[in-house]
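Small disclaimer: the values here were computed from a predicted structure and weren't measured. Just so you know, ligand 1 is whichever comes first in the structure, and atom 1 is the first atom listed for that ligand.
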Amino acid sequence: MQNFVLHNPTTIIFGTDTVHQIGRETAPFGKKVLLVYGQGSIKNNNIHAQVTSALQQAGLDVVEHGGVRSNPLLSHVQAGIAKARLNRVEAIVAVGGGSVIDSAKAIAAGIPVDHNVWQFFRGKKSIRSALPLTCVLTLAASGSEMNGGMVITNELTRQKFGTGNRLLNPKVSILDPSLTFTVPADYTAYGAVDAIAHILEFYFTTRDRSTPVQDRFMEGLVINIMESCDKVLGNPYDYQGRADLMWAATLALNGWTAAGLGMVGFPMHMIEHSLSALYNIAHGAGLSIVIPSWMRYQARLNPEKFMQFAHRVFGLSGDSENCAMEGIAYLQRWFTSVKSPVSLAAAGIQAEDIPLIAENALPLAKLWRLKDYTKEIIMEILSGCR
Ligand code: NZQ
Ligand code: ZN
């Protein structure tokens, strides 16, 4: 186990009938708020009405900034920054999934500075202040509700970059699993894949060979995410299943799984972000395409951890590379069982695009200091996803 510092400033309010608290939890941060949300799901499932009435009852003045798209766009963030400045908002409320929360974070970070907010994503500027943010989570996936990360697509450069800062952690996040009852089957599955990816990125990239506490924690989360996802795909209104999936997805990327692992990487995300940037594929769908091939590539270099994964997550036995590969095949079969694509072809992406995708991924590989990932290696991994 390596040295670590763990600090997570986000207050989580978890459970049914909690949305009405968003008003009193936001009020301490200001009287005028920007309400950020997506394309309209929160209007169809009555969450918008619940949130706005709670904010108004707390005496808050609400300026709306809806229209956040999946794989959220820089231009929409910039419009949000301009609107927030014009209306002199003092706090931001995000109601949605990771795309909405990330957009709200980028707006919060962009308001105080006089440069393009994209500079943060290029690593050219550091985040030194941000407007306070509260959030109501409506989809279990990204973990953005309890971390300082944000991912935005620059549609002009066709780049999807992620960056983060503890200042961007939501002050308070309300997690009511019943709000996810209306999440369609595809995004329920994509969210589960995303959460599993967050865990596997750290599980397989730590260089420390002795992290038993973290390993069991992460292996258990992966098992819980698969089991609860299967449950809610069978019955979208299964509260316990939705609650388990929501909390496991939050735990997957709130800093707790990474504690003690030392240096870790995010290579699967580095490659996936190019699929989302170039083809606007759902983030989790892009990950289920990339994960098995990346795992096979990595298992050839470091079979032991993949054998452990096969033993503990899928109950396989054997101490050879075959066992490691079998565990990867089990995971890939689970992705297929929840109808998340496992090939570029299934997503309508041509194999001749592989050099273009690899070229697009290189700047993020550099930014994220993934120096082993040359264009050739990224192409090799993508060739395994045809
Ligand atoms: O836009 P609306 O109408 O709200 O519809 C959304 C969207 O179409 C819909 N939805 C959300 N909640 C719903 C619902 N539909 C019915 N009922 C509900 N309760 O679901 C669709 C997908 O929403 P989105 O926010 O895009 O999904 P997700 O939560 O998976 O977020 C994906 C984004 O998170 C980023 C990804 O890159 C991607 O842009 N990530 C953020 C991270 C972070 N901040 O730490 C890390 C992750 O790796 C990830 O990269
Ligand atoms: Zn992700």
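Residue H273 approaches ligand 1 through these ligand atoms, each under 4.0 Å from one of its heavy atoms: 50 (O). Contact atoms of ligand 1 toward S70: 22 (C), 23 (O), 24 (P), 26 (O) (distance under 4.0 Å to a heavy atom of the residue). Listed by number with element, the atoms of ligand 1 under 4.0 angstrom from any heavy atom of N71 are 39 (O). Of all the atoms in ligand 1, the ones that sit under 4.0 Å from a non-hydrogen atom of L253 are 45 (O), 46 (C). For ligand 1, the atoms lying closer than 4.0 Å to a non-hydrogen atom of N45 are 17 (N), 18 (C), 19 (N). Using a 4.0 Å cut-off to heavy atoms of K160, the atoms of ligand 1 that qualify are 36 (C), 37 (O), 38 (C), 39 (O). For ligand 1 and H198, the ligand atoms under 4.0 Å from any heavy atom of the residue are 46 (C), 47 (C), 48 (O).
No heavy atom of R69 sits closer than 4.0 Å to any atom of ligand 1. Distances from ligand 1 to the non-hydrogen atoms of G191 include no value under 4.0 Å. Ligand 1 lies nowhere less than 4.0 angstrom from a heavy atom belonging to I42.
At a heavy-atom distance under 4.0 Å, atoms from both the backbone and the side chain of V183 approach ligand 1. Contact annotation: for D194 versus ligand 1, heavy atoms closer than 4.0 Å belong to the side chain alone. Residue contacts with ligand 1, taken as heavy atom pairs separated by less than 4.0 Å, involve A141 solely via side-chain atoms from C-beta onward. Contact annotation for Q39 and ligand 1: heavy atoms of both the backbone and the side chain come within less than 4.0 Å of the ligand. Looking at N147 against ligand 1, only its side chain comes within 4.0 Å, counting heavy atoms.
Taking each heavy atom of N147 and S142 in turn, the nearest pair found is ND2-O, 4.1 Å. Contact detail for H198 and D194: the closest heavy-atom pair is NE2-OD1, 2.7 Å. Closest approach of L344 and L382 over heavy atoms only: CD1-O, 3.8 Å. Between K105 and G149 the shortest heavy-atom distance is NZ-O, 2.8 Å.
Checked by distance only, ligand 1 and K105 stay at 3.5 Å or farther apart across all their nitrogen or oxygen atoms. Some N or O of H269 is nearer than 3.5 Å to an N or O of ligand 1, by distance alone. Between P184 and ligand 1, a contact under 3.5 Å exists for no N or O pair.
Counting heavy-atom neighbours within 6.0 Å of K125 NZ, excluding the residue itself, gives a total of 12 or less. No more than 12 heavy atoms of other residues, nucleotides or ligands shown are found within 6.0 angstrom of CG on D319.
Here the two rings, on Y330 and F314, have centers that are under 6.0 Å apart. Checked against the 6.0 Å centroid threshold, Y190 and Y187 count as a close aromatic pair. Aromatic ring centres of F121 and W118: separated by under 6.0 Å. No close placement of the Y37 and H65 rings is indicated, their centers lying 6.0 Å or farther apart.
In this structure, atom 32 (C) of ligand 1 has a protein heavy-atom contact shorter than 4.0 Å. The protein reaches atom 44 (N) of ligand 1 closely, with a heavy atom under 4.0 angstrom from it.
Ring pair Y239/F181 is perpendicular by interplanar angle, where above 60° counts as perpendicular and below 30° as parallel. The aromatic rings of H269 and H283 are tilted relative to each other, their planes meeting at an angle between 30° and 60°. Ring geometry for W247 against F14 counts as perpendicular: the plane angle is over 60°, on a 0 to 90° scale with 30° as the lower cut.
Rounded to 10°, the angle formed at the Zn ion (ligand 2) by NE2 of H198 and NE2 of H283 is 170°.
Scanning the protein for heavy atoms near atom 25 (O) of ligand 1, the closest one is S99 N, 3.0 Å. The nearest protein atom to atom 29 (O) of ligand 1, hydrogens excluded, is given as G98 N, 2.7 Å; this is a heavy-atom distance. At the shortest separation from atom 49 (C) of ligand 1 among protein heavy atoms lies H283 NE2, 3.4 Å.
Residues R333 and E326 are paired through a salt bridge, judged by an N-O separation under 4.0 Å between the basic side chain and the carboxylate.
For atom 4 (O) of ligand 1, the choice among P72, G38, S41 with the nearest heavy atom turns out to be S41. Considering each of I47, D102, L139, the one bringing a non-hydrogen atom nearest atom 41 (C) of ligand 1 is D102. Comparing L287, V151, T138, T182 against atom 16 (C) of ligand 1, the shortest heavy-atom distance belongs to T182.
R242 places a side-chain N or O within donor-acceptor distance of the main-chain N or O of T180, the cut-off being under 3.5 Å. Between the side chain of W368 and the backbone N or O of G162 there is at least one donor-acceptor pair closer than 3.5 Å. A distance-only check finds no donor-acceptor pair linking the side chain of N154 to the backbone of Q159 [under 3.5 Å].
The Zn ion (ligand 2) has no N, O or S atom of E272 under 2.8 Å away, backbone or side chain.
Its N, O or S atom nearest to the Zn ion (ligand 2) is what matters here, and for D194 that atom is OD1.
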